[in-house]
Number of protein chains: 2
Amino acid sequence: MNHVRARQRRPTMADVAREAGVALRTVSRYVNGDDTVGPDFAERIRAAIDSLDFKVDERARQLRSGRTGTIGAAVRNISEAHPVLSAIEATARAAGLMVVAMSTEDDERLERDAVRSMSGRRMDGIIIEPIAENHGYLQAEIDSGLPVVAFDRPATGVDVDTVLTDNPGGIAQAFEHLYRRGHRRIAYIGDDERIYTGHVRAMAFRTCAAAAGAPHDGLVHPGPVDQSRIAAALASVRHDPDPVTAVITGNASTTVAAIRALGEDFGAVALVGFDDFPLADLLRPGLTVVAQGDEEIGRTAFELFRSRLEHPDRPIERVVVPTRLIIRGSGEIPLYP
Amino acid sequence: MNHVRARQRRPTMADVAREAGVALRTVSRYVNGDDTVGPDFAERIRAAIDSLDFKVDERARQLRSGRTGTIGAAVRNISEAHPVLSAIEATARAAGLMVVAMSTEDDERLERDAVRSMSGRRMDGIIIEPIAENHGYLQAEIDSGLPVVAFDRPATGVDVDTVLTDNPGGIAQAFEHLYRRGHRRIAYIGDDERIYTGHVRAMAFRTCAAAAGAPHDGLVHPGPVDQSRIAAALASVRHDPDPVTAVITGNASTTVAAIRALGEDFGAVALVGFDDFPLADLLRPGLTVVAQGDEEIGRTAFELFRSRLEHPDRPIERVVVPTRLIIRGSGEIPLYP
DNA sequence: GTGAAAGCGCTAACAG
DNA sequence: CTGTTAGCGCTTTCAC
């Protein structure tokens, strides 16, 4: 083993060609698996590559060939569990594409930075979980032929392929589950209505309640996901003269905050959360949730990207992925203990 | 807004120069914030960039300039929560570097693919959570001047800067905590000993037990993280003629599997887990854990990378980051109920 | 089959 | 302060 440190210049194809005594073009063809290279040449090239420890420079290769074989994923936070990203990665890998993920941290500036960086690297496409208020800035990218797919929330101000969860359907599943078990006073605590999913889910809840003839005045509490805000909302609906018997929480972090706020009272009101998360089954009682089809969302997002690549002019598609109710106990506590 | 789709060729600096009626070099200098560009020229260039919607091609820029401003992170799974990655990202961003994360999925081949890809893209450095049996293949990268930093586990067969958790110290914290509370028969269930952390932690446990004069024959159960294997190990130590009163689990997934296996009995034996994880405080009882210094590990890894960049020939460093015991209840149940 | 030459889009020298 | 001239390391015509 060679222990020379910091050999300054990395070997290039020209070095390999010289070492092997062949033309540069022949090395290129060998490296790219072109089988029109004679076996003796191939062997000499292989030896030269080994001895110089040559590695092709992807930047140069991509610059010249045009394609990068890379797809960018701009998601909320790459350091947190992200089943959709996982599915995108798996599908992309199967298709021979590499996924580069970047965090947007729910920050508009970071989102734009990420997209800029991906577009600047001339990635083959972008899959984005939109956060910005307005995505008009994406139009230029799309116009220049970059396939863009949005998931979880629609990108506003721009027409792109989109994959969404069936938010109204999920809320309806939760509501009907509780209603059938006899609950009539049901509260909804969720995200700020300025956030897409927060708005859509709150609206869906109002619609469900109205359709069932159940009350919802004072029972819908959208707002920031903030421990004290959620504790207060919970207290207000539980200590009402006519207290609620069940609560629906609008997303995973709200659910966790609600469980924390309930403390020892967790299990005293029926609770159904939107979003499944790891360990939800280990709580006591187990948490009943409306789970999103993460795997399907990720797979679909990638497929929309791929079909856009093949048919740049096909019409924009919007796919809605169904949710699934998972019964674990917290939504099934007896109505009158 | 321009709604032409798929304008084939993206505009280049040459296009901008032509449009603005200046030399290409001047555009380059404008784009790179070189303030030696006259204000009138700058304005014309700005207008041309806007009208053509020009974006610099990072690939070309990087190829020519040599630097990529990017650091690769090869971690177990980018789709799962990863506090260390989070810290690396934050530190790197503050230093103006972008982090590109790739999953290794605990698969040796994927690890090599990721490293190959990062090295091929001529990234400025690599931070890796090693999984492969042997990392000799990294030597060539290091020799060619690529800074490599390992964390969580050492890279075998190659000398690189490394950041590790104080595994023996963490196990000692758990053991002593239980011992002081009167526990004498304590079991350890953890990872396979072929895995570095699995080995080190099991050994540390044996050492602690021996030093305290506590028994450990038949009480140390390393092996695959497999629900049935862990359930069996747990059953064997609990249904012993002389049953254990406490259990230490060697990592997060083992802890979760153990809690699952205990079912309603969770809380019947004292349990301290290595690794903290989200929602550990919401379990009943709350989970007492030995938490790793994720933030410090990530920050340190990045700093080692940066110092290596500046001083390529400084000696290899190995940093050990302390753990912290977090008391939440599962490790403090009464010894004799 | 293989090889010479031209460029991908940009930045780094240098001269003006 | 600006323009001209070379390349970065690779793939791609096109001859041979």
Side-chain angles (χ1 to χ4, degrees), chain A residues 7-45 48-49 52-70 117 119-124 144-145, chain B residues 7-46 48-49 52-70 116-117 119-124 144-145:
Chain A
R7 176 200 313 146
Q8 233 28 321
R9 208 173 66 71
R10 290 233 195 184
T12 74
M13 268 196 185
D15 298 328
V16 174
R18 200 177 312 115
E19 177 87 6
V22 301
L24 192 151
R25 172 72 182 106
T26 311
V27 179
S28 169
R29 279 164 53 243
Y30 171 83
V31 164
N32 290 298
D34 194 325
D35 53 0
T36 67
V37 180
D40 43 341
F41 280 71
E43 181 45 35
R44 267 156 61 199
I45 294 171
I49 288 180
L52 294 177
D53 193 51
F54 164 79
K55 299 225 171 55
V56 296
D57 188 323
E58 270 303 320
R59 298 170 301 181
R61 193 215 280 275
Q62 290 176 5
L63 176 59
R64 185 59 242 237
S65 69
R67 275 265 174 84
T68 61
T70 299
S117 157
S119 149
R121 278 150 207 265
R122 300 294 187 269
M123 292 186 176
D124 296 347
S144 65
Chain B
R7 177 201 312 147
Q8 233 30 319
R9 207 173 67 70
R10 290 232 194 183
T12 74
M13 270 196 184
D15 298 327
V16 174
R18 200 177 312 116
E19 176 88 5
V22 301
L24 191 151
R25 175 69 183 115
T26 310
V27 179
S28 168
R29 278 165 53 244
Y30 171 82
V31 163
N32 289 297
D34 194 326
D35 53 0
T36 66
V37 180
D40 44 340
F41 280 71
E43 182 44 35
R44 268 156 59 199
I45 293 171
R46 217 189 47 71
I49 287 180
L52 294 176
D53 193 51
F54 165 79
K55 298 227 170 58
V56 294
D57 188 324
E58 269 302 320
R59 298 170 301 180
R61 193 215 283 274
Q62 290 175 7
L63 177 59
R64 183 59 241 232
S65 71
R67 275 153 304 181
T68 61
T70 298
R116 195 198 324 272
S117 158
S119 147
R121 278 151 207 266
R122 300 296 187 266
M123 292 186 176
D124 296 347
S144 64

- Whole-Å gap separating P (C:dG9) and CZ (A:Arg122): 9 Å
- Calculate the interatomic distance between A:Arg67 atom CZ and C:dC8 atom P; express it in whole Å. 19 Å
- Of A:Asp35 and A:Leu24, the one whose closest DNA chain C nucleotide lies more 5': A:Asp35
- Covered region of DNA chain D, 5' end to 3' end, by chain B [heavy atoms, under 4.0 Å]: D:dC1 to D:dG9
- Message: Using the side-chain heavy atoms of A:Thr26, tell me which of these nucleotides is nearest: C:dG9, C:dG3, C:dA6.
- Response: C:dG3
- Can you tell me the distance, in whole Å, between the NZ atom of B:Lys55 and the C1' atom of C:dC10? 17 Å
- Message: What's the closest nucleotide to the side chain of B:Thr12 if the choices are C:dG9, C:dG7, C:dT2?
- Response: C:dG9
- Message: Does a side-chain N or O of B:Ser28 approach OP1 or OP2 of C:dT11 to a distance below 4.0 Å, or not?
- Response: yes
- Message: Measuring to OP1 and OP2 of C:dT11, would you say a side-chain N or O of B:Ser65 lies under 4.0 angstrom away?
- Response: no
- Would B:Arg64 and B:Ser28 satisfy side chain to side chain donor-acceptor pair (under 3.5 Å), going step by step from the backbone distance to the final call? CA-CA 12 Å; B:Arg64 183 59 241 232; B:Ser28 168; over 6 Å; no
- Looking only at side-chain atoms of B:Arg61, point me to the closest of C:dC10, C:dA4, C:dC8. C:dC10
- Mind calculating the distance between CZ (A:Arg64) and P (C:dA5) to the nearest angstrom? 16 Å
Below 3.5 Å between N/O atoms, which protein atoms pair up with nucleotides 13-16 of chain C? Just atom names and distances, please.
unit_1 : atom_1 : unit_2  : atom_2 : d
C:dA13 : N6     : B:Arg25 : NE     : 3.3

- Message: What contact category does B:Phe54 fall into here, base, sugar-phosphate, or nothing, at under 4.0 angstrom with non-hydrogen atoms?
- Response: sugar-phosphate
- Query: Checking all strands, does B:Arg59 fall into the base, sugar-phosphate, or nothing category for heavy-atom contacts under 4.0 angstrom?
  - Reply: nothing
- Which is true for B:Val31 with a 4.0 Å heavy-atom rule: it touches a base, it touches only sugar-phosphate, or it touches nothing? nothing
- Starting at the 5' end of DNA chain D and moving along, which residue's nearest nucleotide shows up first, B:Phe41 or A:Ala14? B:Phe41
